[in-house]
Amino acid sequence: MHFETRAVHTGVNKDTAYNSCITPIYPSSTFYWDDLNTNKGFDYTRSGNPTRQAMEENIASLEGGIDCKATCTGMAAITAAMHLFQPGDHIIAGNDIYGGTYRLFADVLTGMGLKFSFVRMGNPDNVRNALTPQTKAIWIETPSNPLLNLVEIAAVTEIAKHHGCITIADNTFLSPYLQRPFEHGVDIIIHSTTKYLNGHSDVVGGCVVTRDEEYKERVAYLVNALGLACSPFDAWLVLRGVKTLGPRMEAHQRGAMALAHMLDEHPAVERVYYPGLESHPDHELAKRQQSGFGAMLSFDVAGGRSAAERVFEKVTLFALAESLGGVESLIEYPDTMSHASMSEAARLEAGITEKTIRVSVGIEHPDDLIADMRRGLDS
Ligand SMILES: *Cc1c(COP(=O)(O)O)cnc(C)c1O
(Lines give C-alpha, C1' and ligand atoms only; values in the text may rest on other atoms or scores of the structure.)
Protein backbone atom coordinates (compact mmCIF):
# COMPACT_ATOMS: atom_id res chain seq x y z
CA MET A 1 0.00 0.00 0.00
CA HIS A 2 1.05 3.57 -0.56
CA PHE A 3 2.64 5.76 2.06
CA GLU A 4 -0.44 7.91 2.78
CA THR A 5 -2.59 4.81 3.19
CA ARG A 6 -0.17 3.14 5.59
CA ALA A 7 0.05 6.38 7.58
CA VAL A 8 -3.71 6.23 8.19
CA HIS A 9 -4.17 2.47 8.55
CA THR A 10 -1.20 1.29 10.65
CA GLY A 11 -1.43 1.15 14.44
CA VAL A 12 -5.24 1.32 14.49
CA ASN A 13 -8.03 -1.25 15.07
CA LYS A 14 -6.56 -2.15 18.43
CA ASP A 15 -9.78 -2.11 20.47
CA THR A 16 -11.56 -5.46 20.31
CA ALA A 17 -13.76 -4.55 23.31
CA TYR A 18 -15.65 -1.63 21.67
CA ASN A 19 -14.27 -1.37 18.09
CA SER A 20 -13.15 2.21 18.56
CA CYS A 21 -11.66 3.56 15.31
CA ILE A 22 -8.98 5.39 17.23
CA THR A 23 -6.37 3.51 19.23
CA PRO A 24 -7.10 4.21 22.91
CA ILE A 25 -4.64 5.79 25.33
CA TYR A 26 -3.57 3.21 27.91
CA PRO A 27 -2.03 5.31 30.68
CA SER A 28 -1.74 2.28 32.96
CA SER A 29 1.74 1.92 34.43
CA THR A 30 1.26 -1.80 34.99
CA PHE A 31 -0.71 -4.68 33.45
CA TYR A 32 -1.90 -7.69 35.39
CA TRP A 33 -0.98 -11.25 34.66
CA ASP A 34 -3.60 -13.99 34.27
CA ASP A 35 -1.22 -16.36 36.00
CA LEU A 36 2.53 -16.66 36.41
CA ASN A 37 3.00 -17.67 32.79
CA THR A 38 0.48 -15.49 31.00
CA ASN A 39 -0.02 -11.83 30.32
CA LYS A 40 -1.41 -10.04 27.29
CA GLY A 41 1.98 -8.91 25.96
CA PHE A 42 2.55 -5.98 28.32
CA ASP A 43 3.65 -5.90 31.94
CA TYR A 44 5.07 -2.43 32.71
CA THR A 45 4.86 0.76 30.66
CA ARG A 46 8.57 1.60 30.74
CA SER A 47 9.16 -1.67 28.88
CA GLY A 48 6.13 -1.58 26.60
CA ASN A 49 2.71 -0.01 26.24
CA PRO A 50 -0.12 -0.72 23.77
CA THR A 51 -0.60 2.91 22.69
CA ARG A 52 3.13 3.43 22.26
CA GLN A 53 3.45 0.17 20.36
CA ALA A 54 0.68 1.18 17.94
CA MET A 55 2.53 4.41 17.16
CA GLU A 56 5.81 2.51 16.80
CA GLU A 57 4.22 0.15 14.26
CA ASN A 58 3.11 3.12 12.22
CA ILE A 59 6.52 4.83 12.07
CA ALA A 60 8.37 1.55 11.44
CA SER A 61 6.09 1.02 8.45
CA LEU A 62 6.62 4.54 7.09
CA GLU A 63 10.42 4.21 7.28
CA GLY A 64 10.39 0.68 5.89
CA GLY A 65 11.98 -0.77 9.04
CA ILE A 66 11.11 -3.83 11.11
CA ASP A 67 10.85 -2.03 14.44
CA CYS A 68 10.63 1.37 16.08
CA LYS A 69 11.17 2.37 19.68
CA ALA A 70 9.56 5.63 20.72
CA THR A 71 11.38 7.82 23.22
CA CYS A 72 10.47 10.82 25.34
CA THR A 73 12.56 13.25 23.23
CA GLY A 74 14.62 13.23 20.07
CA MET A 75 17.72 13.56 22.25
CA ALA A 76 16.61 10.44 24.15
CA ALA A 77 16.49 8.57 20.83
CA ILE A 78 20.03 9.73 20.07
CA THR A 79 21.10 8.83 23.61
CA ALA A 80 19.71 5.32 23.13
CA ALA A 81 21.49 4.89 19.79
CA MET A 82 24.79 6.12 21.19
CA HIS A 83 24.65 3.51 23.94
CA LEU A 84 25.36 0.94 21.24
CA PHE A 85 28.98 2.11 21.62
CA GLN A 86 31.68 1.83 24.26
CA PRO A 87 34.45 4.08 25.56
CA GLY A 88 37.22 4.21 22.96
CA ASP A 89 34.85 3.81 20.01
CA HIS A 90 35.14 6.51 17.36
CA ILE A 91 32.19 8.08 15.56
CA ILE A 92 32.29 10.42 12.59
CA ALA A 93 29.62 13.12 12.33
CA GLY A 94 28.99 16.20 10.22
CA ASN A 95 30.32 19.52 11.50
CA ASP A 96 26.93 21.20 11.07
CA ILE A 97 24.63 18.74 12.83
CA TYR A 98 21.77 19.74 15.14
CA GLY A 99 23.16 21.83 18.02
CA GLY A 100 21.83 19.55 20.76
CA THR A 101 23.37 16.51 19.07
CA TYR A 102 26.66 18.34 18.77
CA ARG A 103 26.58 19.17 22.49
CA LEU A 104 25.76 15.57 23.44
CA PHE A 105 28.60 14.26 21.27
CA ALA A 106 31.29 16.91 21.82
CA ASP A 107 30.68 17.44 25.52
CA VAL A 108 28.71 14.72 27.34
CA LEU A 109 29.71 11.60 25.44
CA THR A 110 33.28 12.75 24.80
CA GLY A 111 33.54 13.13 28.57
CA MET A 112 32.47 9.49 28.88
CA GLY A 113 35.19 8.22 26.58
CA LEU A 114 33.57 8.11 23.13
CA LYS A 115 35.62 9.80 20.43
CA PHE A 116 34.17 12.01 17.70
CA SER A 117 35.40 13.61 14.51
CA PHE A 118 33.27 16.37 13.00
CA VAL A 119 33.85 16.69 9.28
CA ARG A 120 32.35 18.47 6.31
CA MET A 121 30.32 15.51 5.20
CA GLY A 122 29.23 17.10 1.92
CA ASN A 123 32.44 15.66 0.55
CA PRO A 124 32.55 11.90 1.26
CA ASP A 125 36.37 11.99 1.02
CA ASN A 126 36.38 13.82 4.35
CA VAL A 127 34.58 10.84 5.89
CA ARG A 128 37.06 8.40 4.37
CA ASN A 129 39.99 10.45 5.67
CA ALA A 130 38.57 10.54 9.19
CA LEU A 131 38.23 6.74 9.52
CA THR A 132 40.35 5.06 12.17
CA PRO A 133 40.54 1.41 13.23
CA GLN A 134 38.27 2.41 16.15
CA THR A 135 35.56 3.97 13.94
CA LYS A 136 32.30 2.19 14.75
CA ALA A 137 29.71 4.49 13.26
CA ILE A 138 29.05 7.37 10.93
CA TRP A 139 26.33 9.81 11.96
CA ILE A 140 24.44 11.27 9.01
CA GLU A 141 22.15 14.28 9.19
CA THR A 142 20.85 15.52 5.87
CA PRO A 143 19.86 18.15 5.04
CA SER A 144 21.86 19.82 7.77
CA ASN A 145 20.62 22.37 10.21
CA PRO A 146 20.41 25.33 9.64
CA LEU A 147 22.23 25.68 6.30
CA LEU A 148 20.61 22.80 4.41
CA ASN A 149 23.81 21.18 3.21
CA LEU A 150 23.23 17.69 1.90
CA VAL A 151 25.12 14.49 2.54
CA GLU A 152 25.10 11.85 -0.19
CA ILE A 153 23.75 9.02 1.94
CA ALA A 154 24.60 6.16 -0.43
CA ALA A 155 28.21 7.34 -0.76
CA VAL A 156 28.64 7.41 3.03
CA THR A 157 26.96 4.04 3.67
CA GLU A 158 29.23 2.57 0.99
CA ILE A 159 32.30 3.84 2.85
CA ALA A 160 30.89 2.51 6.13
CA LYS A 161 30.21 -0.96 4.70
CA HIS A 162 33.69 -1.11 3.29
CA HIS A 163 35.14 -0.17 6.66
CA GLY A 164 32.85 -2.49 8.63
CA CYS A 165 31.07 0.18 10.65
CA ILE A 166 27.42 1.21 10.79
CA THR A 167 25.56 4.32 9.74
CA ILE A 168 22.89 6.12 11.74
CA ALA A 169 20.76 8.79 10.09
CA ASP A 170 18.83 11.57 11.74
CA ASN A 171 15.88 11.86 9.35
CA THR A 172 14.04 14.57 11.28
CA PHE A 173 14.31 17.35 8.70
CA LEU A 174 12.59 15.56 5.83
CA SER A 175 10.56 12.79 7.47
CA PRO A 176 10.08 9.43 5.74
CA TYR A 177 7.63 11.05 3.34
CA LEU A 178 10.51 12.83 1.60
CA GLN A 179 13.55 10.68 2.39
CA ARG A 180 13.96 7.02 3.33
CA PRO A 181 17.53 6.42 4.48
CA PHE A 182 17.12 2.61 4.67
CA GLU A 183 16.79 2.61 0.87
CA HIS A 184 20.27 4.14 0.70
CA GLY A 185 21.85 1.55 3.00
CA VAL A 186 21.56 3.21 6.42
CA ASP A 187 21.38 0.81 9.42
CA ILE A 188 19.49 2.84 12.03
CA ILE A 189 17.24 5.90 11.72
CA ILE A 190 16.43 8.31 14.49
CA HIS A 191 13.79 11.03 14.59
CA SER A 192 12.76 13.87 16.72
CA THR A 193 9.01 13.18 16.45
CA THR A 194 8.62 16.66 17.95
CA LYS A 195 8.95 17.94 14.40
CA TYR A 196 7.14 16.75 11.26
CA LEU A 197 6.05 13.30 12.44
CA ASN A 198 3.84 14.75 15.13
CA GLY A 199 3.60 18.01 13.25
CA HIS A 200 1.44 20.04 15.62
CA SER A 201 3.96 21.45 18.11
CA ASP A 202 2.28 19.76 21.05
CA VAL A 203 4.69 16.91 21.79
CA VAL A 204 8.40 16.54 22.47
CA GLY A 205 9.38 13.03 21.43
CA GLY A 206 11.68 10.84 19.43
CA CYS A 207 12.17 7.37 18.06
CA VAL A 208 14.77 4.89 16.86
CA VAL A 209 13.89 2.78 13.82
CA THR A 210 15.76 -0.41 13.00
CA ARG A 211 15.87 -2.74 10.03
CA ASP A 212 17.50 -5.88 11.41
CA GLU A 213 16.99 -8.21 14.37
CA GLU A 214 20.30 -7.51 16.08
CA TYR A 215 19.78 -3.76 16.43
CA LYS A 216 16.05 -4.18 17.02
CA GLU A 217 16.75 -6.26 20.14
CA ARG A 218 19.60 -4.09 21.36
CA VAL A 219 17.73 -0.80 20.94
CA ALA A 220 14.64 -2.19 22.70
CA TYR A 221 16.89 -3.37 25.53
CA LEU A 222 18.60 0.03 25.80
CA VAL A 223 15.42 2.12 25.73
CA ASN A 224 14.02 -0.01 28.55
CA ALA A 225 17.27 -0.22 30.54
CA LEU A 226 17.97 3.52 30.27
CA GLY A 227 14.33 4.44 30.87
CA LEU A 228 13.91 6.58 27.75
CA ALA A 229 10.47 5.55 26.48
CA CYS A 230 7.76 8.11 25.74
CA SER A 231 4.49 8.43 27.63
CA PRO A 232 1.29 6.80 26.32
CA PHE A 233 -0.34 10.20 25.92
CA ASP A 234 2.54 11.57 23.82
CA ALA A 235 2.54 8.38 21.74
CA TRP A 236 -1.19 8.84 21.16
CA LEU A 237 -0.67 12.41 19.96
CA VAL A 238 2.13 11.37 17.60
CA LEU A 239 -0.02 8.55 16.18
CA ARG A 240 -2.77 11.10 15.64
CA GLY A 241 -0.39 13.56 13.97
CA VAL A 242 1.48 11.14 11.76
CA LYS A 243 -1.68 10.13 9.90
CA THR A 244 -1.62 13.41 7.98
CA LEU A 245 2.15 13.47 7.38
CA GLY A 246 1.94 13.16 3.58
CA PRO A 247 -0.62 15.91 2.94
CA ARG A 248 1.09 18.16 5.50
CA MET A 249 4.49 17.75 3.87
CA GLU A 250 3.00 18.66 0.49
CA ALA A 251 1.53 21.84 1.95
CA HIS A 252 4.77 22.66 3.84
CA GLN A 253 6.83 22.29 0.69
CA ARG A 254 4.52 24.40 -1.43
CA GLY A 255 4.96 27.30 0.97
CA ALA A 256 8.71 26.78 1.30
CA MET A 257 9.30 26.83 -2.45
CA ALA A 258 7.24 29.99 -2.91
CA LEU A 259 8.96 31.72 0.00
CA ALA A 260 12.43 30.67 -1.19
CA HIS A 261 11.80 32.24 -4.60
CA MET A 262 10.61 35.49 -3.04
CA LEU A 263 13.63 35.64 -0.70
CA ASP A 264 15.96 34.87 -3.58
CA GLU A 265 14.81 38.01 -5.37
CA HIS A 266 14.59 40.33 -2.37
CA PRO A 267 17.34 43.01 -2.22
CA ALA A 268 17.67 42.72 1.58
CA VAL A 269 18.58 39.04 1.30
CA GLU A 270 22.18 38.13 0.49
CA ARG A 271 21.79 34.42 0.18
CA VAL A 272 19.08 31.77 0.42
CA TYR A 273 19.77 28.22 1.57
CA TYR A 274 17.06 25.98 0.14
CA PRO A 275 17.82 22.79 -1.83
CA GLY A 276 14.75 23.42 -4.00
CA LEU A 277 16.44 26.40 -5.66
CA GLU A 278 18.43 25.53 -8.76
CA SER A 279 21.23 27.75 -7.46
CA HIS A 280 21.66 25.55 -4.36
CA PRO A 281 24.92 23.57 -4.68
CA ASP A 282 23.15 20.32 -3.72
CA HIS A 283 20.06 20.82 -5.87
CA GLU A 284 20.82 17.85 -8.15
CA LEU A 285 21.62 15.56 -5.23
CA ALA A 286 18.39 16.62 -3.52
CA LYS A 287 16.43 15.67 -6.65
CA ARG A 288 18.09 12.24 -6.69
CA GLN A 289 18.06 11.39 -3.03
CA GLN A 290 14.85 13.00 -1.77
CA SER A 291 11.31 12.92 -3.04
CA GLY A 292 10.87 16.61 -2.28
CA PHE A 293 12.85 19.57 -1.01
CA GLY A 294 11.32 19.91 2.44
CA ALA A 295 10.18 23.02 4.21
CA MET A 296 13.20 24.23 6.16
CA LEU A 297 15.14 27.13 4.73
CA SER A 298 17.63 29.69 5.91
CA PHE A 299 18.80 33.00 4.54
CA ASP A 300 21.42 35.64 5.20
CA VAL A 301 19.96 39.06 5.74
CA ALA A 302 22.03 42.07 4.73
CA GLY A 303 22.98 44.11 7.79
CA GLY A 304 23.44 41.33 10.31
CA ARG A 305 21.90 41.20 13.77
CA SER A 306 20.07 44.52 13.81
CA ALA A 307 18.47 43.80 10.45
CA ALA A 308 17.50 40.33 11.64
CA GLU A 309 15.93 41.86 14.73
CA ARG A 310 13.81 44.17 12.58
CA VAL A 311 12.56 41.19 10.58
CA PHE A 312 11.61 39.31 13.77
CA GLU A 313 9.77 42.41 15.04
CA LYS A 314 7.77 43.03 11.89
CA VAL A 315 6.61 39.56 10.86
CA THR A 316 3.38 38.37 12.42
CA LEU A 317 2.82 34.93 10.90
CA PHE A 318 6.32 33.68 11.73
CA ALA A 319 6.59 33.27 15.48
CA LEU A 320 10.07 33.84 16.90
CA ALA A 321 10.70 30.39 18.29
CA GLU A 322 13.00 27.40 18.10
CA SER A 323 11.78 24.06 16.82
CA LEU A 324 10.33 23.24 13.44
CA GLY A 325 7.98 20.96 11.59
CA GLY A 326 4.69 22.21 13.04
CA VAL A 327 1.74 23.47 11.01
CA GLU A 328 2.54 27.06 12.02
CA SER A 329 5.52 28.90 10.56
CA LEU A 330 8.41 29.71 12.88
CA ILE A 331 11.43 31.95 12.47
CA GLU A 332 14.59 31.94 14.56
CA TYR A 333 18.15 33.13 14.95
CA PRO A 334 20.60 30.18 15.09
CA ASP A 335 23.42 32.37 16.43
CA THR A 336 21.76 32.89 19.82
CA MET A 337 18.91 30.38 19.74
CA SER A 338 19.02 26.90 18.17
CA HIS A 339 22.80 26.80 17.81
CA ALA A 340 23.80 28.69 20.95
CA SER A 341 25.12 25.46 22.44
CA MET A 342 27.87 25.40 19.81
CA SER A 343 31.02 27.45 20.41
CA GLU A 344 31.30 30.57 18.26
CA ALA A 345 34.26 29.02 16.46
CA ALA A 346 32.27 25.88 15.66
CA ARG A 347 29.38 28.02 14.42
CA LEU A 348 31.57 30.08 12.13
CA GLU A 349 33.30 26.94 10.89
CA ALA A 350 29.85 25.57 9.99
CA GLY A 351 28.93 28.84 8.22
CA ILE A 352 26.42 30.16 10.77
CA THR A 353 26.86 33.92 11.16
CA GLU A 354 24.95 36.84 12.64
CA LYS A 355 23.23 37.25 9.29
CA THR A 356 21.67 33.80 9.35
CA ILE A 357 17.93 33.46 9.85
CA ARG A 358 16.20 30.07 9.83
CA VAL A 359 12.59 29.51 8.89
CA SER A 360 10.34 26.50 9.40
CA VAL A 361 7.63 27.02 6.82
CA GLY A 362 4.20 25.97 8.06
CA ILE A 363 1.11 25.05 6.09
CA GLU A 364 -0.44 28.53 5.91
CA HIS A 365 -1.32 29.84 2.46
CA PRO A 366 1.92 30.72 0.64
CA ASP A 367 0.59 34.15 -0.44
CA ASP A 368 0.06 35.18 3.18
CA LEU A 369 3.51 33.95 4.20
CA ILE A 370 5.14 35.84 1.34
CA ALA A 371 3.28 39.07 2.09
CA ASP A 372 4.23 38.83 5.77
CA MET A 373 7.90 38.11 5.12
CA ARG A 374 8.04 40.90 2.57
CA ARG A 375 6.78 43.34 5.23
CA GLY A 376 9.54 42.14 7.53
CA LEU A 377 12.26 42.54 4.93
CA ASP A 378 11.06 45.85 3.48
CA SER A 379 11.52 47.36 6.93
C1 LIG B 1 14.89 18.78 17.30
C2 LIG B 1 15.93 17.90 16.73
C3 LIG B 1 16.58 16.96 17.52
C4 LIG B 1 16.31 16.80 19.01
O5 LIG B 1 15.01 16.46 19.27
P6 LIG B 1 14.22 16.85 20.63
O7 LIG B 1 12.88 16.26 20.40
O8 LIG B 1 14.22 18.34 20.72
O9 LIG B 1 14.95 16.23 21.76
C10 LIG B 1 17.52 16.15 16.91
N11 LIG B 1 17.82 16.27 15.61
C12 LIG B 1 17.22 17.19 14.83
C13 LIG B 1 17.60 17.28 13.39
C14 LIG B 1 16.27 18.04 15.35
O15 LIG B 1 15.69 18.97 14.57
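Order of listing sets the numbers, starting from 1, for every ligand and every atom in it. Model, not experiment: these values are computed from the prediction.
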>> For F31 and F42, take the angle between the two ring planes, folded into 0 to 90°, and tell me which bin it lands in: parallel under 30, tilted 30 to 60, perpendicular over 60.
In response: tilted
>> Please verify the inter-ring angle class for F116 with F105; under 30° counts as parallel, over 60° as perpendicular, anything in between as tilted.
In response: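 Parallel, since the angle between the ring planes stays under 30°.
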>> Less than 6.0 angstrom from the centroid, inside 45 degrees of the normal: does K195 satisfy that with respect to the ring of Y98?
In response: yes
Give me the nearest non-hydrogen protein atom to [atom] as residue plus atom name, then the distance to 0.1 Å.
atom                    : result
atom 7 (O) of ligand 1  : T194 OG1, 2.7 Å
atom 15 (O) of ligand 1 : K195 NZ, 2.7 Å
atom 4 (C) of ligand 1  : Y98 CE2, 3.4 Å

>> Under 3.5 Å, is there a donor on one side chain and an acceptor on the other for N149 and D282?
In response: no
Within a distance under 4.0 Å of any heavy atom of [X], pick out the atoms of ligand 1 and give their elements.
X    : value
D170 : 10 (C), 11 (N), 12 (C), 13 (C)
V204 : 7 (O)
T73  : 7 (O), 9 (O)
G74  : 5 (O), 6 (P), 7 (O), 9 (O)
G205 : 7 (O)

>> For ligand 1 and L324, I'd like to know whether there is a polar contact (N/O to N/O, distance under 3.5 Å).
In response: no
>> Counting only nitrogen or oxygen atoms and a 3.5 angstrom limit, does S192 reach ligand 1?
In response: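 Yes.
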> Between Y273 and F299, does the ring centroid distance fall short of 6.0 Å?
Replying inline: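 Judged by ring-centre distance (under 6.0 Å), Y273 and F299 do not meet the cut-off.
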> Would H261 and Y274 count as a close aromatic pair, with their ring centres under 6.0 Å?
Replying inline: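 Centroid separation for H261 and Y274: 6.0 Å or greater.
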> Hey, is G325 one of the residues with a heavy atom under 4.0 angstrom from ligand 1?
Replying inline: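 Contact check G325 vs ligand 1: negative.
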>> Tell me whether R240 at atom CZ has more than 12 heavy atoms from other residues, nucleotides or ligands lying less than 6.0 Å away.
In response: no
>> Looking at K355, I want to see if its NZ is surrounded by more than 12 non-hydrogen atoms of other residues, nucleotides or ligands under 6.0 Å.
In response: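 Incorrect, the count does not exceed 12.
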